[in-house]
Amino acid sequence: MPELPEVETIMQGLIPHLENNLIMDVIVRQDKLRWPVSPMLKQHLVQQKIMQLSRRGKYLLLQMTNGTLIMHLGMSGRLQIQNKATPPARHDHVDIFFGDVCLLRYNDPRRFGAIIWTANDPLQHHLLCSLGIEPLSDDFTGEYLKNQAQNRRVAIKSFIMNSHVVTGIGNIYAAEALFLAKIHPMTPAGVLTEVQCVQLVHAIKDILKAAIHQGGTTIKDFINSDGAPGYFTQQLCVYGRSGKPCLVCQAPLITMQLGQRSTVFCEFCQRVKVGLIG
DNA sequence: CAGAATACCTGCGGGC
DNA sequence: TGCCCGCAGGTATTCT
């Protein structure tokens, strides 16, 4: 469900509810997420104050007085603020209660998400320490992308979705950014020109910022922490528009499989400028 | 080492 | 109506 803009939207919505709030109770109904939820989670969290929320890629960090809760929403995860009186629904796996009428509820049908406690620096956690740079940071430049892509033959779409290169870009925004930058998704990363790298980086930043501004993208069922959908959906140019006319040249958009992910693009606007893979 | 395949899950829509 | 198939916003791990 969530890529970087959706996680950012969720985090911004949670901040006023969670920061400086004391955790009073924790209920774990299902501990089989991507990794088992620690049986000690409640002991770690109860009577802890949430000091600060932050985000690294698609990971959400809740910094407590004595450690950090690392959360990931996987493909189908949701985090919502609800009233304590709301009965748990199917796939409501974890509840975190506060002193007021609110609780933080984690729901995840596919259970690809994760809830991990660490008492140490979360950025040194093995899941976070090897992540690539943040796409919205000033360090993410065309020059960085060009250097990273040196001698890499993977398709550029797979490359920008590689969280160890740049983190937070998923299937939706990768497709959209490549369309904006007019780059064919299968172009081998290493053969992009410097100009193309600069254009792609600008496209990625633009699309992520616009999506955050719109509260994220709702394809099927994304909702933010207050239960509202994202409004960037109506601005998608290629994702979910297979067979429909290209918004620039009117040609029908093409779908292809790339790295096990479906990819939509315009074969005319996203021209092959160099040799493709296979 | 890079790149590709696999694994983890449930839900939904389409075709028959 | 019901069953089977393929697909879905992610990514660590295993393989070649």
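Proteins get letters first, then strands, A, B, ... in listed order; numbering begins at 1 in each.
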* Structure fact -> Parsed dot-bracket for DNA chain B after applying the Watson-Crick and G-U rules with both distances under 3.5 Å and | for other-strand partners is .|||||||.|||||||
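Atoms CG (L258(A)) and C1' (dA4(B)) sit 12 Å apart, rounded to a whole Å. Separating the CD1 atom of I115(A) from the P atom of dG10(C) is a distance of 18 Å, rounded to the nearest angstrom. Protein atom CG of L4(A) is 11 Å distant from nucleotide atom P of dG10(C), rounded to whole Å. As rounded to whole Å, 10 Å separates atom P of dG10(C) from atom OH of Y173(A). Taking atom CD1 of I219(A) as the reference point, atom C1' of dA8(C) lies 10 Å away to the nearest angstrom. For M71(A) and dG10(C), the CE to P distance is 18 Å, given to the nearest whole Å. We find that CD of Q148(A) is positioned 10 Å from P of dA2(B), with the value rounded to whole Å. Atom CG in L73(A) sits roughly 16 Å away from atom C1' in dC8(B) (whole-Å rounding).
No more than 12 heavy atoms of other residues, nucleotides or ligands shown are found within 6.0 angstrom of CD on E143(A). Other residues, nucleotides and ligands place more than 12 heavy atoms under 6.0 Å from the NZ atom of K84(A).
The phosphate of dA5(B) has OP1 or OP2 within less than 4.0 Å of a side-chain N or O from Q260(A). In terms of phosphate contacts, S76(A) brings no side-chain nitrogen or oxygen within less than 4.0 Å of OP1 or OP2 of dA8(C).
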Mind listing the N/O atom pairs, protein and nucleotides 4-6 of chain C, below 3.5 Å?
none

N/O contacts under 3.5 Å, protein versus nucleotides 9-13 of chain B?
| unit_1 | atom_1 | unit_2 | atom_2 | d |
| --- | --- | --- | --- | --- |
| dC9(B) | O3' | R111(A) | NH2 | 3.1 |
| dC9(B) | O2 | R110(A) | NE | 3.0 |
| dT10(B) | OP1 | R111(A) | NH2 | 3.0 |
| dT10(B) | O4' | P109(A) | O | 3.2 |
| dT10(B) | O3' | H91(A) | NE2 | 3.1 |
| dG11(B) | OP1 | R90(A) | NE | 2.9 |
| dG11(B) | OP1 | R90(A) | NH2 | 3.1 |
| dG11(B) | OP1 | H91(A) | NE2 | 2.6 |
| dG11(B) | OP2 | R90(A) | NH2 | 3.3 |

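A distance of about 23 Å separates the P atoms of dC9(B) and dC3(C), rounded to the whole Å. To the nearest whole angstrom, the two C1' atoms, one in dC12(B) and one in dT11(C), are 23 Å apart. Using atom P as the reference point in both dT6(B) and dG6(C), the two lie 15 Å apart (nearest Å).
Side-chain contact between I50(A) and M64(A): present, with at least one pair of heavy atoms (C-beta onward) separated by less than 4.5 Å.
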Name every donor-acceptor pair, under 3.5 Å, that has one atom in a side chain of residues 198-208 of chain A and the other anywhere in the protein, sequence neighbours excluded.
| unit_1 | atom_1 | unit_2 | atom_2 | d |
| --- | --- | --- | --- | --- |
| K205(A) | NZ | P135(A) | O | 3.2 |
| K205(A) | NZ | S137(A) | O | 2.7 |
| K205(A) | NZ | F140(A) | O | 3.1 |

Please set out all donor-acceptor pairs under 3.5 angstrom arising from side-chain atoms of residues 18-28 of chain A, sequence neighbours excluded.
| unit_1 | atom_1 | unit_2 | atom_2 | d |
| --- | --- | --- | --- | --- |
| E19(A) | OE2 | L53(A) | N | 3.0 |
| N21(A) | ND2 | H17(A) | O | 2.9 |
| D25(A) | OD1 | K42(A) | NZ | 3.1 |

Distance-only criterion, 3.5 Å: show the donor-acceptor pairs between side-chain atoms of residues 92-100 of chain A and protein atoms not counting sequence neighbours.
| unit_1 | atom_1 | unit_2 | atom_2 | d |
| --- | --- | --- | --- | --- |
| D92(A) | OD1 | N107(A) | ND2 | 2.8 |
| D92(A) | OD2 | A89(A) | N | 2.6 |
| H93(A) | NE2 | H91(A) | O | 3.4 |
| H93(A) | NE2 | D108(A) | O | 2.7 |
| D95(A) | OD1 | R105(A) | NE | 2.9 |
| D95(A) | OD2 | R29(A) | NH1 | 3.4 |
| D95(A) | OD2 | R29(A) | NH2 | 2.5 |
| D95(A) | OD2 | R105(A) | NE | 3.4 |
| D95(A) | OD2 | R105(A) | NH2 | 2.9 |
| D100(A) | OD1 | C102(A) | N | 3.0 |

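Legend: ring pair (Phe, Tyr, Trp, His ring centres under 6.0 Å) pairs involving residues 38-62 of chain A, not counting sequence neighbours, sorted by first then second residue: H44(A)-W117(A), Y59(A)-H72(A).
For the pairing with N171(A), the side chain to side chain donor-acceptor pair (under 3.5 Å) check across K157(A), E3(A), E176(A) returns one residue only, K157(A).
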* Structure fact -> Heavy-atom contacts, protein to nucleotides 11-16 of chain C, under 4.0 Å, summarised as B (base), S (sugar-phosphate only) or - (none) per nt, yield BB----
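Annotation: the span from I172(A) atom CD1 to I169(A) atom CD1 amounts to 13.0 Å, rounded to 0.5 Å.
Under the ring pair (Phe, Tyr, Trp, His ring centres under 6.0 Å) criterion, F265(A) pairs with H184(A), not counting sequence neighbours. Listed by chain and number, the residues in a salt bridge (Lys or Arg N to Asp or Glu O under 4.0 Å) with R110(A) amount to none (sequence neighbours excluded). With sequence neighbours excluded, no residue forms a side-chain contact (heavy atoms from CB on, under 4.5 Å) with H126(A). For A251(A), the side-chain contact (heavy atoms from CB on, under 4.5 Å) test picks out C249(A), F268(A), with sequence neighbours left out.
Under the 3.5 Å distance criterion, the side-chain polar atoms of T233(A) are matched with a main-chain donor or acceptor of T218(A).
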* Asked: Does the pair Y106(A) and L73(A) meet the rule for a side-chain contact (heavy atoms from CB on, under 4.5 Å), with working shown?
  -> CA-CA 9 Å; Y106(A) 176 82; L73(A) 300 176; 3.6 Å; yes
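S262(A) comes within contact range of the sugar-phosphate backbone alone, with a heavy-atom separation under 4.0 Å but no base atom that close. Among the atoms of the strands shown, only primed sugar atoms or phosphate atoms (P, OP1, OP2) are found under 4.0 Å from some heavy atom of Y239(A).
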